[in-house]
Chemist: 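The structure follows.
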Number of protein chains: 2
Amino acid sequence: MNAKEILKSHILKTAQLTDEQFDYLFSHFKPLSFKKGQAIISEGDKVENEYFVVSGCLKAFFINDEIKMYILQFAMPTWWTSDYGALYNHTRATISVDCISDAEVLCLSNDDREKLCREIHQVEHFFRWRTNRGYLASQKRLLSFMNNDTKARYEELLALYPQLYNLVPKHLIAAYLGVSRETLSRLYNAQK
Amino acid sequence: MNAKEILKSHILKTAQLTDEQFDYLFSHFKPLSFKKGQAIISEGDKVENEYFVVSGCLKAFFINDEIKMYILQFAMPTWWTSDYGALYNHTRATISVDCISDAEVLCLSNDDREKLCREIHQVEHFFRWRTNRGYLASQKRLLSFMNNDTKARYEELLALYPQLYNLVPKHLIAAYLGVSRETLSRLYNAQK
DNA sequence: GCGCTTAGGTGATCTACATCACATTCTGCA
DNA sequence: TGCAGAATGTGATGTAGATCACCTAAGCGC
């Protein structure tokens, strides 16, 4: 499947769009390719766009005190990512996005999203649904943070994304779980 | 201001609705009154509705192992609350909602929300925007959990909701911050 | 191939916070 | 008005995970 087909099948799961409507929608997306390690959004940038992942894997992360990195999201194919706080509030990026592997994405500007939402009711429906999913996932992760210890969160993560274990270096998994790489290392070496 | 006016001014900040459209929308809300301590959603319930707070204060919480309570949200006037996971997925409640003080709410069923979103584009727009706010708040709280220690989170909470300090018993604030009540007590008695 | 950088493992030590135990208010209500 | 139960304070002790220090192995540019 090419990028257009992937996006189409993703959106049609939730919204009813005619072929003409989808083509019109799609004409607002810009396909982009990135290499492993390339930055898409860096702290301090103006944020104008959000990104739909077609292939590869991105991470959205926050760096505190110039030292510690926390990963908010691994963005796999059919996931959307950006610094949504900066995007909606027209502020500078505090969250960065870069590529864990080579990646293809479809880029949509905030202005175009809002325009499309105004023009096509079903597009607004789609984006409501999508945000809703994100909200529920975020709330679930928050609860998991409060309720579970590191080991339980680690197992939860691997159950949710089995691919991640091989795809992603372990120190990034630690940064997602919010623990030090040493603790993570001890954790899964102990349980053998 | 009465309940209808409060909801109207809340919604009109984001969506353009004619008076007729708003009246039609409002006709789907059921006003309800609760006493301090009353439960609105209990674990295991079927969840059919979400709630818009007109006055008073609710809490949405999760109880683990029948022992520890974690508060996901204090719902103050003009906030919405429910077990959204259960509401959208038609599963039983894992999150409970009850009243910290006497409260008036407006109750909207999931079916009616979806119907209204289909019928009136601007209503769908409003709910997209609302969910978006919730998503950003949840993500911010997640980052705060990973990045800050208890003391910083406590001060952040009081900066965000100054009323809370007097309105809400301290052990509930501890349950929101995800620390034991003892730790919280030591924390703000030490800093004098 | 050589060296440099990055990833990852492991021990020793430190610390924030949980947990347990008990004392002390406060508060609603019979 | 008096008392049961909730809310809160505070000491003693235990522990998960951070931090520091150092080591090995793997990837990559030249």
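Chain A is the first sequence line, chain B the second, and so forth, proteins listed ahead of strands; every chain is numbered from 1.
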Chemist: Which one, dG8(C), dC17(C), dT8(D), comes nearest to the side chain of T183(B)?
Modeler: dC17(C)
Chemist: So does K35(A) get a backbone contact from the side chain of Q38(A), meaning a donor-acceptor N/O pair under 3.5 Å?
Modeler: yes
Chemist: Under 4.0 Å between a Lys/Arg side-chain N and an Asp/Glu carboxylate O for D102(A) and K36(A)?
Modeler: no
Chemist: Taking the side chain of R181(A) as heavy atoms from C-beta outward, which of dA18(C), dC17(C), dG8(C) is closest to it?
Modeler: dG8(C)
Chemist: Nearest-Å distance, CG (N166(B)) to P (dA7(D))?
Modeler: 17 Å
Chemist: Base, sugar-phosphate, or nothing for K36(B), non-hydrogen atoms under 4.0 angstrom?
Modeler: nothing
Chemist: For the residue pair K151(A) and Y154(A), would you count it as a cation-pi contact if the rule is NZ or CZ under 6.0 angstrom from the ring centre and within 45 degrees of the ring axis?
Modeler: no
Chemist: Between K68(B) (NZ) and dC20(C) (C1'), how many Å, whole number?
Modeler: 14 Å
Chemist: How long is the line joining CD1 of I173(A) and C1' of dA7(C), in whole Å?
Modeler: 13 Å
Chemist: Between the base of dG11(D) and the side chain of R186(B), is there any donor-acceptor pair under 3.5 Å?
Modeler: yes
Chemist: Would you call D45(A)-R92(A) a salt bridge at under 4.0 Å N-O?
Modeler: no
Chemist: Considering heavy-atom distances to DNA chain D, does D149(A) or L172(B) have its closest nucleotide positioned more toward the 5' end?
Modeler: L172(B)
Chemist: K170(B) has an atom NZ; how far is it from atom P of dA7(D), in whole Å?
Modeler: 12 Å
Chemist: Find the distance M146(B):CE to dG17(D):P and express it as a whole number of Å.
Modeler: 16 Å
Chemist: Consider the side chain of H171(B), meaning its heavy atoms from C-beta on, and name the nucleotide among dG9(D), dT8(D), dG9(C) that approaches it most closely.
Modeler: dT8(D)
Chemist: Between dA21(C), dA7(D), dC17(C), which nucleotide has the shortest distance from any of its atoms to the side chain of T150(B)?
Modeler: dC17(C)
Chemist: May I ask you to say what G37(A) touches in the nucleic acid, namely base, sugar-phosphate or nothing, with a heavy-atom cut-off under 4.0 Å?
Modeler: nothing
Chemist: Nearest whole angstrom, please: distance from the C1' of dA16(C) to the CG of L177(B).
Modeler: 15 Å
Chemist: Write down the distance between CG (N148(B)) and P (dA16(C)), rounded to a whole number of angstrom.
Modeler: 15 Å
Chemist: Side-chain donor or acceptor of E182(B) under 3.5 Å from a matching atom on the base of dC17(C)?
Modeler: no
Chemist: Among dT8(D), dA7(C), dG9(C), which nucleotide has an atom closest to any side-chain atom of Y188(B)?
Modeler: dT8(D)
Chemist: For the side chain of N189(B), counting heavy atoms from C-beta on, which of dT8(D), dT10(D), dT19(D) is nearest?
Modeler: dT10(D)
Chemist: For K140(B), is there an ion pair with E156(B) - N to carboxylate O distance below 4.0 angstrom?
Modeler: no
Chemist: Calculate the interatomic distance between N64(B) atom CG and dA18(C) atom P; express it in whole Å.
Modeler: 13 Å
